[in-house]
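Structure record follows, encoded as structure tokens.
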Amino acid sequence: MDNLFIGKIPITQNRYFNPFSNLLDMIQYYYDMAQRNNIEELDCFIDAEYSAYRDSFPKLQHTEELQNTIIKKTTEWMIRHPDNDWLNFDETRMDQLLDNAFFQEYRFQERKFYHKYAFLELYTYSKLQSLAVTQIPQIRSVMAWYFLCYNDMIKSIMSFGFFTPLADIYQKWGWRWFTYTIKEDHLDSVLYIWAAYAIRACKHVHNIPKNTLKKDLMDIYSEFLILLTRSDSLQQNEQYLSFLKKEIQCFDDDEIDSLKNQIQKTEHQNFKLMQDKKTIERSYAVLKQEIKKLQNDQYRTDDEKAKGIIERIYAALPENKDQAINEVNISKVWDKLSPLTQKNIETALNLYQSRQRADLASFLLISCIETEMKGNFFAPFKESSLYRSIQVNFCNNKRYKQVHNALYKKRIYPTMGAIPFVGRAVNSPKAIANSEVIAKFAEFLSDEKEAFCKICRAIDTYRIGLNKLSILNIRNGVAHGDPAVEEKCNQQCFKDIKHFLYDPPLQIMISILLHSKNEK
């Protein structure tokens, strides 16, 4: 963007980049790109400025300026003033192009528009964006988020009936992709509405089970409520909160209108999160209520509850970037731990010091074990040549089927409850004979198999506190809302878990990293 001045007042002017001679030229180019599905080209398309392949694709330069062009063309259609030169092309060729499956959703909606080819730029660009976002690493998709969420283009896309771009992104990255915020210390309330819009898009195209989407919507509402309480801004955001409540209440009502005119005002509500004692007390009270609701949710598995509890804790507690990690042994390997593990350790210490909730703080520390086992053993296996060489992908023995599935299925990894069983299975000739997947994983562990099994045994047998609770007792007790666990998981339990993670002789975190199969 360029700044001009009227007197001494700066006026921001958008910059535009349009290398195409007319609408057909643009649509043909983007369609061909979608058919090529070349990762380097898609990477440049999604964010040319930071792409290593920028020089190879001259028509994809200046991503933000090109996005401004798409927005400008969309606005011209909305005010019914399309550029005549832009529409000077061979309509027969365009109609033949639009017969391709890529444009199926557009053709279905086109009859509703006042002008042939209206909003075709927005549809094609957003459709290609969604393809790129699902193909490249999530960290490279910021400019797509900027176009859809920060520039509020989601509202236009939905109002025109273009559902697949949002639904495809949601299916790949989930609702948190939409609630990403550029400034971590700011809450942008409308982003939670955009996440709900994306859920509606998924409902329309039926790409995700409705019960999963309903759980997601409840998670969005719960996190948003906690954040508003924490920032002391419930009153200012009542319209957004009411919208999400209505979405939950009417989730199963297929007669609700598509999102047209649901929100009259979508200006971003950016404000500094307040971290004073009063608002933290209120957010903590809401946190307890929301965790209790989650614990009593009969439609969620224990693993879903565990994940949801952690996310609600994140929302309720202000990030303490000054949290000192004084445990001597863990500080030695701190930089080698995953960012999620670091966050959970910092949050656990913060939660324990500020609220003295040993059960929730212990729960967070226990989740670190699951995260590191995934990152250092299970995920590397699923990326290995041994995994790709598996030919028999089924297991008929019920005793080993859960381990088999957790090791084989995409995007599923052994959870805390399954980890001890994995350790036993890779040492069992019968398990290896009944599952090629288990056999390949045992082969993958190679010289680290003995150490891996020792870690699994330690997780299974370690006992905590005066009541000799197991790690699984605490993990599952918190997920279920077992009052006995909240009562018995005391200061000594929290100290014992820290000892289990950091200190000799077990020092589980250090052992996992020492014997890691992650070669990155």
Side-chain angles (χ1 to χ4, degrees), residues 1 14-37 41-42 44-48 57-133 141 143-169 194 197 201:
M1 292 185 180
N14 286 335
R15 295 175 59 184
Y16 301 96
F17 174 68
N18 186 3
F20 306 107
S21 59
N22 56 48
L23 178 60
L24 176 59
D25 187 20
M26 172 187 280
I27 303 308
Q28 183 72 63
Y29 186 87
Y30 285 156
Y31 173 74
D32 291 343
M33 192 193 309
Q35 299 312 296
R36 288 191 293 271
N37 197 18
E41 190 174 20
L42 292 175
C44 184
F45 164 76
I46 208 75
D47 188 357
F57 306 102
K59 284 195 173 183
L60 300 178
Q61 307 298 302
H62 315 300
T63 302
E64 185 173 357
E65 288 83 346
L66 204 152
Q67 289 180 355
N68 290 339
T69 298
I70 300 297
I71 295 171
K72 182 174 182 289
K73 294 297 182 184
T74 302
T75 303
E76 288 173 356
W77 285 115
M78 293 174 72
I79 63 175
R80 303 197 177 195
H81 286 302
D83 183 342
N84 289 331
D85 291 337
W86 183 243
L87 298 179
N88 184 16
F89 54 80
D90 184 341
E91 291 194 11
T92 302
R93 282 185 56 205
M94 176 69 89
D95 293 341
Q96 290 174 346
L97 178 61
L98 296 184
D99 281 338
N100 290 289
F102 183 87
F103 300 100
Q104 179 179 356
E105 188 173 48
Y106 179 80
R107 293 199 310 274
F108 182 77
Q109 299 296 337
E110 185 182 20
R111 72 191 77 166
K112 303 176 183 178
F113 303 145
Y114 77 94
H115 194 296
K116 193 176 183 181
Y117 311 126
F119 311 114
L120 183 54
E121 302 94 339
L122 177 62
Y123 173 82
T124 308
Y125 188 81
S126 59
K127 180 85 171 174
L128 185 58
Q129 266 194 332
S130 69
L131 173 65
V133 169
S141 67
M143 284 303 294
W145 175 90
Y146 187 87
F147 177 76
L148 293 170
C149 300
Y150 191 79
N151 284 320
D152 299 343
M153 293 306 292
I154 283 180
K155 188 176 184 182
S156 296
I157 289 170
M158 290 289 285
S159 66
F160 300 146
F162 306 152
F163 302 107
T164 54
L166 303 181
D168 289 347
I169 293 173
W194 296 157
Y197 272 40

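FYI, the numbering just counts along the sequence from 1.
Residues satisfying the side chain to side chain donor-acceptor pair (under 3.5 Å) test with Asn22, not counting sequence neighbours, are none. Not a single side chain to side chain donor-acceptor pair (under 3.5 Å) links Arg80 to another residue, sequence neighbours left out. The side chain to side chain donor-acceptor pair (under 3.5 Å) search around Glu76 returns Lys72, not counting sequence neighbours. Scanning for ring-ring contact (aromatic ring centres under 6.0 Å, His included) contacts around Phe147 gives Tyr125, with sequence neighbours left out. Partners of Asn88 by side chain to side chain donor-acceptor pair (under 3.5 Å), not counting sequence neighbours: none found. Checked against side chain to side chain contact (heavy atoms under 4.5 Å, CB included), Ala167 has the following partners two or more places apart in sequence or in another chain: Ala201, Cys202, Val205, Asn207.
Interatomic distance, Lys127 NZ to Phe102 CZ, rounded to the nearest 0.5 Å: 6.0 Å. Atom CD of Glu64 is separated from atom CD1 of Ile71 by 9.0 Å, given to the nearest 0.5 angstrom. Considering CD of Glu65 and CG of Asn68, their distance stands at 6.5 Å, rounded to 0.5 Å. Leu128 contributes atom CG, which lies 7.5 Å from atom CD1 of Ile46 (distance to the nearest 0.5 angstrom). Annotation: the span from Leu166 atom CG to Ile154 atom CD1 amounts to 5.5 Å, rounded to 0.5 Å. With rounding to the nearest 0.5 Å, the separation of CD in Glu121 from OG1 in Thr74 is 6.5 Å.
Not one N or O on the side chain of Thr69 forms a donor-acceptor pair closer than 3.5 Å with the backbone of Tyr16. Side-chain N or O atoms of Glu105 include one that pairs as donor or acceptor with a backbone N or O of Phe163 at under 3.5 Å. A donor-acceptor pair is defined here as one N or O able to donate and one able to accept, closer than 3.5 Å; no such pair exists between the side chain of Ser130 and the backbone of Ile169.
In this structure, Met33 and Leu60 have side chains that are in contact, with non-hydrogen atoms separated by less than 4.5 Å. Annotation: side chain of Gln96 is not in contact with side chain of Asp90 (no heavy-atom distance under 4.5 Å). Between Met153 and Gln129 there is no side-chain heavy-atom pair separated by less than 4.5 Å. A heavy-atom distance below 4.5 Å is not found between the side chains of Leu42 and Arg36. At least one side-chain heavy atom of Trp86 sits under 4.5 Å from a side-chain heavy atom of Asn18. Proximity of Glu91 to Lys116: side-chain heavy atoms (C-beta onward) are separated by under 4.5 Å at one or more points. Between Gln35 and Asn100 there is no side-chain heavy-atom pair separated by less than 4.5 Å. With contacts defined as side-chain heavy-atom distances shorter than 4.5 Å, the pair Lys73/Leu122 does not qualify.
Ring-plane geometry between Tyr123 and Phe103 is classed as tilted, the angle between the planes lying from 30 to 60 degrees on a 0 to 90 degree scale. Note: Tyr197 and Trp194 have perpendicular aromatic rings, judged against thresholds of 30 and 60 degrees for the angle between ring planes. By the 30° and 60° cut-offs, the orientation of the rings of Trp145 relative to Tyr150 is tilted. Under the 30°/60° scheme for interplanar angles, the aromatic rings of Phe45 and Tyr30 are found to stand perpendicular.
Counting only N and O atoms by type, the side chains of Asp32 and Gln28 include a donor and acceptor under 3.5 Å apart.
Remark: aromatic rings of Phe89 and Phe20 are distant, center separation not under 6.0 Å.
Among all heavy-atom pairs drawn from Gln67 and Ala144, the shortest one is NE2-N, 4.5 Å. The heavy-atom pair separating Met94 from Leu24 by the smallest distance is CE-CA, 3.5 Å. The minimum heavy-atom distance between Pro19 and Lys59, with the atom names listed, is CG-O, 3.6 Å.
Relative to the ring axis of Phe113, Arg111 does not place its NZ or CZ within 45° and under 6.0 Å from the centre.
Atom CZ of Arg93 has 12 or fewer neighbouring heavy atoms from other residues, nucleotides or ligands inside a 6.0 Å radius.
Among Tyr106, Phe160, Tyr114, the single residue meeting the ring pair (Phe, Tyr, Trp, His ring centres under 6.0 Å) criterion with Phe119 is Phe160.
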